[in-house]
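One structure is given here, and the rest of the page talks about it.
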Amino acid sequence: MNTERLPTEFEKKVYDALHLIPRGKVTTYGLLGSYISCRSAQAIGQALRRNPFAPGTPCHRVVKGDLTIGGFAGERDGEPIDRKRRLLETEGVTISAEGHIDPSCLHDFDE
DNA sequence: CACCTGACATAAT
DNA sequence: AATTATGCCAGGT
């Protein structure tokens, strides 16, 4: 067994950043990347996609730079996305019918 | 709006 | 160990 790999420092940063996000708020991959000094949002998305701590890690609180839902559970559309949407709304995040998240729900790491 | 490029990390070969 | 392929993207043309 032991087919699972250990979480890397990079992933730890990503998960830790997620824990900094208060309930009812969301952040973007760009902001997260800026916080962990990573200019690649894709690497972050990959770390979230693995989500070794799921569902303990609120990966659904991360959205795209366009304030769109983005993807979830490795899916860019489908039911997972609908669940993510509902989850954010349940936590207090306002989302438009087009999938656009209210900018007031964005969380800043510098504060 | 569609497409390509750039930047970063992991898994697979 | 090195290279290739891929991945909840971002930004620019």
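Order of the sequence lines fixes the chain letters, A, B, ..., with proteins taken first and strands second; residue numbering starts at 1 for each chain. None of the values given here were measured: they were computed from a predicted structure.
To the nearest angstrom, C1' of C:dA10 lies 8 Å from CG of A:Asp66. B:dC8 atom P lies 19 Å from atom OH of A:Tyr35, rounded to whole Å. When rounded to the nearest whole Å, the span between CD1 of A:Ile36 and C1' of B:dA7 equals 13 Å. The CZ-C1' distance, from A:Arg76 to C:dC9, rounds to 8 Å in whole Å. Summarising the geometry, the separation between CZ on A:Arg49 and C1' on B:dC8 is reported as 15 Å, rounded to the nearest angstrom. A straight line from NZ of A:Lys13 to C1' of B:dC8 spans 12 Å, rounded to a whole angstrom. Between A:Gln42 atom CD and B:dT5 atom C1' the separation is 12 Å, expressed in whole Å. Residue A:Leu48 contributes atom CG, which lies 11 Å from atom C1' of C:dC9 at whole-angstrom precision.
Counting non-hydrogen atoms under 4.0 angstrom, A:Thr8 reaches the backbone sugars and phosphates but no base. Counting non-hydrogen atoms under 4.0 angstrom, A:Gly65 reaches the backbone sugars and phosphates but no base. Among the heavy atoms of the strands lying under 4.0 Å from A:Phe72 is at least one base atom, whether or not backbone atoms are also near.
In the set C:dA10, C:dC8, B:dT10, C:dC8 carries the atom at the smallest distance from any side-chain atom of A:Tyr29. Considering only the side chain of A:Ala43, C:dG7 comes nearest among C:dG7, C:dC9, B:dT10.
Between the A:Lys84 side chain and the A:Val62 main chain, a donor and an acceptor come within less than 3.5 Å of each other. Side chain of A:Thr90 to main chain of A:Arg86: a donor-acceptor pair is present (N/O by atom type, distance under 3.5 Å, no hydrogens or angles). Formation of a donor-acceptor pair under 3.5 Å by the A:Ser96 side chain with backbone atoms of A:Gly99 is not found in this model.
Within the 4.0 Å cut-off from OP1 or OP2 of B:dA11, at least one side-chain nitrogen or oxygen of A:Arg50 is found.
The aromatic rings of A:Tyr35 and A:Phe109 sit parallel to each other, their planes meeting at less than 30°, with 60° as the upper class boundary.
Under the 4.0 Å criterion applied to side-chain N and carboxylate O atoms, A:Lys13 and A:Glu9 are not assigned as salt-bridge partners.
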